[in-house]
Amino acid sequence: MNILLTAINAKYIHSNPAVYSLKSCAGEYAEHVDIIEFTINQPPFFILQEIYKRHPDVLAFSCYIWNRSMIEQIIHDLHKLLPDTDFWAGGPEVSYDAADTIKQWHLRGVMSGPGEGSFYDLVSAYLNGTADSLPSILNASNTKRRRLDEIPFWYKNQPDFEHRIIYYESSRGCPFSCSYCLSSIDKEMDFRQTKRVCQELDFFLTQNTAQVKFVDRTFNCKKSHALPILQYILEHDNEITNFHFEIAADLLDEDYFALLKQMRPGAVQLEIGVQSTHPETIAEIHRRMDFARVTSAVKLLHSFHNIHIHLDLIAGLPFEDLTTFQCSFNDVYDLCPQQLQLGFLKVLKGSRMEQCAPEYDLVYTSQPPYEVLSTKWLSFDEICLLKQIEELVEIYYNSGQFSHTLEFLRPYFLTPFAMYESLAYWYETHDLFGIQSSRLRKYEILYEFAVSHIRTCSNADEQAAALKEYLVYDLYLREHMKNRPSFCFSLEQWKSKIHDLLHQEAETHSIFPFLSAYSYRELTKALHAEIFRFIFDKPVIMLFCYHRRDPLTNNCMTFITEL
């Protein structure tokens with residue numbers, strides 16, 4: 001008997017905790033369970049043939065909004081190729097319309113809700129010849145629901161995860177009732193024992209896993225659970241692994257701050273779902289958030305200079321029109337997160353938002369991810385504008401490659417939103433959307449856009465010179481460019497000064513002692529020298545060293561000396 005758990009992930013580097021968790025609960029039948037993982041970027045025919053090669057007796061899919069369309073595309077052909085195979089599905093994308101999915105996909109059944117207990121019963125039935133007695137929908141009403149502490153560590157015997165993002169779960173459920181989220185349906189909180197969590201985190205630390213993402217909906221909702229885990233991470237840091245948590249910033253207190261302040265830069269990143277700062281919207285979606293406390297917490301975290309902060313907004317929420325969304329955007333942008341995610345409302349099956357869709361005139365896509373197209377307050381034209389701004393925020397803000405240039409440009413616009421709206425108009429009128437521009441071309445586009453606004457200034461020439469230098473500064477902070485971009489000033493007249501500085505460093509190695517084995521010639525290749533005359537208090541020579549980088553910004557190490 002061969003039972004195949006199939007995951008189709010958003011990216012290769014992601015792990016799918018569901019299939020690993022299910023296999024860990026197969027108990028004495030685990031040897032009959034295999035796992036196969038794909039990504040949505042792989043050709044459907046490749047996925048089809050790889051599953052076919054396994055000739056499973058039972059084939060089960062883990063279904064989410066990002067992979068439902070792919071599964072739907074291949075499952076009918078799999079039925080043709082594997083006529084004797086029983087097909088099952090589970091996950092949030094099939095749990096709330098199980099009967100319809102069984103009919104549409106010709107499934108033997110669906111595991112609805114948390115599936116560890118259901119899966120054991122399913123495997124046991126097939127191995128003991130009683131599969132015919134299984135109901136078509138397996139859920140908590142006809143199987144034993146396993147508590148999180150009853151589930152074995154699902155990654156213990158899995159392949160090397162050193163170069164992948166690992167998803168880990170230390171709690172289930174959420175104490176909040178946000179109407180767009182499925183976690184609001186199940187009010188019961190379930191926590192894995194803190195001692196056990198710490199033991200399992202040690203596995204990732206020993207493996208030098210690059211990143212462990214906690215999928216807990218609100219990691220810090222129970223202080224007695226979250227604080228010891230953070231303390232363990234602090235005390236057992238391997239200088240490599242990053243831990244990602246979704247938190248409610250307004251629940252942080254002095255104990256959290258005292259601990260977080262001690263973390264290695266880059267050891268922890270915090271994702272904070274603001275979603276909106278419009279009070280009427282927050283009330284309507286049943287979200288509890290004190291934005292004043294969020295603001296205070298984020299500013300304090302910033303002062304530690306060691307925590308990567310990710311703030312989320314959702315466009316398309318009820319009572320949020322373009323004007324109020326602009327305010328939400330500006331409020332969050334002014335908090336200077338390392339990542340600002342401008343997301344769009346997904347109307348998830350089974351959520352309260354789905355029930356309220358008619359009331360809100362909420363129109364959304366028929367196919368996953370069921371994303372908002374318009375609401376009573378936001379037209380499709382405005383959604384299209386926000387989509388353009390989302391793309392530009394990703395390119396210019398979230399990449400971290402233009403941070404000093406964007407800060408320089410900010411005073412030329414009334415608000416941050418106005419700056420991105422103006423940039424979107426520039427992209428639109430110059431037919432730049434839909435084109436895969438090179439990294440250098442993106443700098444050139446930003447320069448062309450910015451110059452068009454600077455021309456009206458009284459000191460336009462001086463400001464344009466400063467703009468060029470900020471672009472050069474941002475460019476070389478990230479990449480040791482072999483060819484100088486077109487907007488760079490010539491270094492010809494300062495060659496001798498740069499030569500003297502590098503010769504002195506080759507003799508003393510006082511600036512970058514970790515490059516003490518490098519000769520002058522090797523230093524000229526390892527370092528980049530640049531002249532800045534306008535953006536600092538006085539003209540300077542700056543050396544860029546790419547052997548060391550800031551763990552929060554990924555910018556290289558620099559040294560400045562007066563010209």
Side-chain angles (χ1 to χ4, degrees), residues 3-9 16-19 21-23 25-26 33 40 51 56-79 82 85-126 130-146 151 169 172-174 179-188 190 215 217 346-357 364-370:
I3 299 170
L4 186 61
L5 290 166
T6 305
I8 303 179
N9 303 326
N16 184 306
V19 291
S21 176
L22 292 180
K23 180 172 180 176
C25 290
V33 179
I40 57 173
I51 293 174
D57 299 298
V58 179
L59 177 59
F61 286 97
S62 177
C63 303
Y64 301 87
I65 56 174
W66 65 79
N67 67 15
R68 181 184 175 111
S69 296
M70 177 72 82
I71 294 170
E72 203 158 26
Q73 188 174 352
I74 65 173
I75 198 165
H76 298 293
D77 289 331
L78 282 169
H79 276 295
L82 301 169
T85 298
D86 275 3
F87 287 73
W88 287 80
E93 238 332 88
V94 296
S95 287
Y96 299 97
D97 62 349
D100 288 341
T101 304
I102 289 170
K103 183 177 179 180
Q104 292 168 10
W105 289 2
H106 308 294
L107 301 176
R108 170 64 181 81
V110 161
M111 290 180 286
S112 177
E116 288 85 4
S118 301
F119 186 68
Y120 178 83
D121 288 352
L122 182 150
V123 175
S124 175
Y126 274 102
T130 59
D132 290 343
S133 65
L134 287 170
S136 60
I137 299 177
L138 289 174
N139 56 31
S141 66
N142 51 40
T143 64
K144 180 178 181 290
R145 179 171 179 171
R146 292 202 180 187
I151 302 171
E169 188 175 31
R172 286 182 176 175
C174 183
S179 62
Y180 54 82
C181 182
L182 292 178
S183 295
S184 64
I185 297 174
D186 189 354
K187 292 298 179 187
E188 184 180 4
D190 184 11
V215 296
R217 300 312 303 159
K346 312 292 190 295
V347 186
L348 302 178
K349 295 177 181 179
S351 67
R352 183 178 177 274
M353 190 64 68
E354 182 187 39
Q355 299 171 13
C356 294
Y364 54 96
T365 59
S366 301
Q367 298 300 314
Y370 315 114

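Predicted, not measured: the structure shown is a model, and the values here were computed from it.
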Looking only at the aromatic ring of each residue, does the gap between the centers of H106 and F87 stay below 6.0 angstrom? no

Closest contact, heavy atoms only, L138 versus T143: CD2-CG2, 3.8 Å

Atom pair CZ/CD of R145 and E188 - distance to nearest 0.5 Å: 5.5 Å

Rounded to the nearest 0.5 Å, what separation is found between the CG atom of D190 and the CD1 atom of I151? 7.5 Å

Taking T85 for the side chain and P56 for the main chain, is one N or O donor matched with an acceptor at less than 3.5 Å? yes

Reported CG-to-CG distance for the pair D77 and L82, which is rounded to 0.5 angstrom: 10.5 Å

Between the CD1 atom in I74 and the CD1 atom in I51, the distance rounded to the nearest 0.5 Å is 4.5 Å

Could you grab the distance from atom CD of Q73 to atom CD1 of I8, nearest 0.5 Å is fine? 9.5 Å

Does some side-chain heavy atom of I75 sit less than 4.5 Å from a side-chain heavy atom of L107? yes

Go through the steps to decide whether R146 and Y120 satisfy the test side chain to side chain contact (heavy atoms under 4.5 Å, CB included), and finish with yes or no. CA-CA 10 Å; R146 292 202 180 187; Y120 178 83; 3.7 Å; yes

The reported gap from CG in L59 to CG in D86 (rounded to nearest 0.5 angstrom) is 10.0 Å

In terms of ring plane angle, is the pair W66 and Y64 parallel, tilted or perpendicular, where the classes change at 30° and 60°? parallel

Any side-chain heavy-atom pair of Y364 and M353 under 4.5 Å: no

How far apart are the closest heavy atoms of R108 and P135, and which atoms are they? NH1-O, 4.0 Å

Full working for side chain to side chain contact (heavy atoms under 4.5 Å, CB included) between L134 and Y126: CA-CA 9 Å; L134 287 170; Y126 274 102; 4.0 Å; yes

What heavy-atom pair brings S62 and N67 nearest, and what distance separates the two atoms? O-ND2, 2.9 Å

Any idea which heavy atoms bring L182 and P92 closest together, and the distance? CD1-CB, 3.8 Å

Trace of the side chain to side chain contact (heavy atoms under 4.5 Å, CB included) decision for C63 with W105: CA-CA 12 Å; C63 303; W105 289 2; 3.9 Å; yes

T101 and R68: side chain to side chain contact (heavy atoms under 4.5 Å, CB included), yes or no, with the steps? CA-CA 11 Å; T101 304; R68 181 184 175 111; 3.9 Å; yes

Which pair of heavy atoms, one from V215 and one from E169, lies closest together, and at what distance? CG2-CB, 3.7 Å

May I ask you to decide if S95's main-chain N or O and S112's side chain share a donor-acceptor pair within less than 3.5 Å? yes

Treating N16 as the side-chain partner and V19 as the backbone partner, does any N or O pair qualify as donor plus acceptor under 3.5 Å? yes

In terms of heavy-atom contacts, S136 and I102 come closest through O-CD1, 3.5 Å

Could you tell me if the side chain of F61 sits less than 4.5 Å from the side chain of M70, heavy atoms only? no

So with a 6.0 Å cut-off around NZ of K144, is the heavy-atom count from everything else above 12? yes

